[in-house]
Amino acid sequence: MRVELCYRRFEYRENIAKTVEFVCGGKETPFTDKTAYEVAQVTFITNDGEVSLSRSTRTQNTIHVESSNPAVASGSYSVSSRSGKSINTVLLALLGIEPTRRIATNETYHTVAFTWNAVRHLMLVPEDQVGRPQPSILFPKSTTLTTLTQSLSSLLVLVQDDKIDSSMQTESASEHRTRRKAVEQFIHQQLDDIEPRIKRLEEMRHIATNEGKTVHTYLEALRKKALHVEQQRQTLLDQDARTISHISQLNQQYEHLEVLIRQRKVLISQYESDAARLDLQLQAMKHARTHAYPTTCQFCHSSIHMSAPTEQDILVVSTEIEHIHGIQADVETDLAILADRADKVQRELQLKQQQHRQNMHTLESDIQPIAQHMQQDIEQIAHAEQLHAEYAELLALHARFKALDNADQATSNNEKYKPRECFQGDFWYSMNNTIRNILRQCHFPGADIADFSKTSFDVEIAGYSKADEQGKGYCAFLNSVVMLAFHDYLNKQSKHAPGWLLIDTPLHGFDEGTRSTEDSSMKAGLFSYLAKQAVSQQIIIIENTNHMAGIPLDGNVNIVEFSKDKHNGRYGYLDGVYDVSDES
């Protein structure tokens, strides 16, 4: 699997999501007649084979399927779910769900057929939905109080394959006791987890009282101190960034000087060799002046005619040797200067590296522990009422369970269906943990106080919904995080994981007055997590080029950019189709 990014510079990029939705039975066509295109085709690659869906804009009620997957038969299917051969059966088969599956729609277990339309929003997130403040991105946009139960039931099918219908209304006494015991154990665990937090909260209240403050004023003072510590941390990081930049420059200088020093040493060695060779020649010439050359070869006894070197010959060689020694001396002087400069650069480099290590030590040993401790105190005080209410509710629940007679508490046939209570504990834990992990990786402020609400099925920051505290850009960002966390759970726990996700413009609205430095870090963190999650599924992201500036992308990312330039790269989504102003 891989992450695929479709950068857009104009509006053709919307056709990508429209094409997928159209071949899956959607109503809106991805292109018009004037484009000369009339067939949309999408191929789903599964572990058991490929399933290709194609649909013509002329015969819109029929979708043709070519399949090598034994679970899906090739042939023509109707877009209508009421048809005997509906495309809904193909799409559910791709999710590993039988077409006869039914889900409850209200507390009395009234059921309807489970369809692709109930969950398609979990795989196709268009631009006009990604930034919506409510309802949860895990629910269809049209979800209301009357359809909420049906939406939750649809999620249960994907999350844990629960077959919740009228046949689930009864259970045996032993099953009921087992379930109650598990719930009681869960309550005990929650009490064990919450008691230390309650104790710490009481300590903070006691400290605040001793200082003559209310908890509210004490909390405000803590927040001011935390802000000051964060400013210290940022100042240190800015200072260290300059230090690292200086270290990089010094490394480059030192490497350049090392190259120059090696060159000078090679030159000196060459000059020494040249001088030694000429000196040997000079000694031979002087010897020849005082000792006559033999006139006969000692081996072949033939005559030898050689003239002795003149004083002028000896003077030329002597002069050349002196010239070489002069050049060598100049190079040796230059070498000494370079070596001295290299020593100074190395000492300065060591000093800057020591300063960097000291900065990191100060950050890790002094500033971060203080900041974390203060943040924990702030979170605990900020959650005071919530903690007490949760603690009281758990105690009451525990007391009620203790008072029940295990032998006589078999579930009544009139028990109401409450889908929220059907989600297993690991789902809530996983969503909370994964959302926080993603937000931490994205350097999102308040990541550690983010929660996945059991009421809204959405992310909340310190108990506040994203709509209350954030703008459109942050809503799109947080909606993308929730969707990624949900798919992460499906990939790890569900046999109905779709294996793909398309999000149109997850950074929608980030260019509308948000803080560039903080948001750049958040954008980079989000796309870094996208690349990691792509190991488990295919993720298609459609995004604006101006939102992506400065974001590093690894080799796991396949980038398709629409340039709107007929002579540079791919113009747009449809080959050979240009904007009206560019057609001439």
Side-chain angles (χ1 to χ4, degrees), residues 95-97 101 103-105 107 114 118-123 125 134-140 143 147-165 168 171 175 178-194 386 390 393-394 397 416-440 447-461 463 465-466 478-501 529 532-533 536-537:
L95 293 174
I97 299 173
R101 174 66 66 87
I103 54 174
T105 62
E107 63 183 16
F114 180 83
V119 293
R120 67 178 178 180
H121 64 281
L122 298 172
M123 286 145 274
V125 186
Q134 56 185 359
S136 166
I137 198 69
L138 300 181
F139 298 150
T143 298
T147 62
L148 181 59
T149 298
Q150 182 172 343
S151 297
L152 289 169
S153 297
S154 300
L155 290 180
L156 276 168
V157 173
L158 290 184
V159 169
Q160 55 203 47
D161 198 36
D162 274 7
K163 294 181 174 64
I164 300 178
D165 53 32
M168 297 292 292
E171 63 180 357
E175 290 173 339
T178 301
R179 182 164 62 88
R180 282 182 48 251
K181 184 177 181 181
V183 174
E184 189 172 7
Q185 289 176 345
F186 174 76
I187 293 173
H188 276 295
Q189 181 62 48
Q190 295 298 307
L191 286 170
D192 290 342
D193 291 343
I194 204 172
Q386 179 182 341
E390 185 179 348
E393 183 179 349
L394 286 169
L397 208 60
K416 293 181 179 180
Y417 170 55
K418 299 177 180 179
R420 280 191 182 85
E421 298 178 1
C422 298
F423 286 88
Q424 298 172 358
D426 72 316
F427 172 73
W428 304 112
Y429 173 81
S430 176
M431 288 296 291
N432 264 324
N433 191 53
T434 305
I435 287 173
R436 289 185 180 182
N437 285 340
I438 298 175
L439 292 178
R440 289 190 192 103
D448 291 331
I449 55 176
D451 291 293
F452 182 70
S453 169
K454 295 182 180 180
T455 302
S456 64
F457 262 67
D458 206 349
V459 63
E460 293 182 353
I461 310 298
S465 71
K466 62 179 183 292
L478 291 172
N479 282 339
S480 300
V481 169
V482 171
M483 189 62 77
L484 288 173
F486 183 73
H487 275 259
D488 180 77
Y489 180 85
L490 294 183
N491 295 333
K492 294 176 181 176
Q493 302 293 339
S494 174
K495 65 180 182 180
H496 301 311
W500 63 278
L501 170 64
Y529 185 85
K532 291 178 182 177
Q533 185 155 324
S536 303
Q537 69 179 122

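Sequential numbering from 1 along the given sequence is applied to the chain's residues.
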Compare all side-chain heavy atoms of [X] with those of [Y] and state whether any distance is below 4.5 angstrom.
X	Y	result
Gln160	Asp426	no
Leu478	Asp458	no
Leu148	Arg420	yes
Tyr489	Thr434	no
Phe457	Leu152	yes
Asp488	Tyr529	yes

Is a donor on one side and an acceptor on the other found under 3.5 Å between the side chain of Thr143 and the backbone of Pro140? yes
Say you draw a straight line from [atom1] of [X] to [atom2] of [Y]; how long is it, rounded to the nearest 0.5 Å?
X	Y	atom1	atom2	answer
Phe114	Leu158	CZ	CG	5.0 Å
Phe139	Ser154	CZ	OG	10.0 Å
Leu156	Ile103	CG	CD1	9.5 Å
Ser494	Phe427	OG	CZ	10.5 Å

What do the steps show when you test Asp161 against Arg101 for side-chain contact (heavy atoms from CB on, under 4.5 Å), and what is the final call? CA-CA 10 Å; Asp161 198 36; Arg101 174 66 66 87; 2.9 Å; yes
For a quick test of reading the model, state the closest non-hydrogen atom pair linking [X] to [Y] and the distance between them.
X	Y	answer
His121	Ile137	CD2-O, 3.7 Å
Asp448	Arg436	O-CZ, 3.5 Å
His496	Val157	CD2-O, 3.2 Å
Leu155	Leu138	CD2-O, 3.7 Å
Ala104	Ser153	O-OG, 2.8 Å
Val482	Met431	O-CE, 4.0 Å

side-chain contact (heavy atoms from CB on, under 4.5 Å) evaluation trace for Glu107 with Thr149: CA-CA 8 Å; Glu107 63 183 16; Thr149 298; over 6 Å; no
Any side-chain donor-acceptor pair under 3.5 Å between Gln537 and His487? yes
Please state whether the rings of Phe452 and Trp428 are parallel, tilted or perpendicular, taking 30° and 60° as the class boundaries. tilted
Looking at Val119, Leu122, Asn491, Leu490, which hits side chain to side chain contact (heavy atoms under 4.5 Å, CB included) with Pro498? Leu490
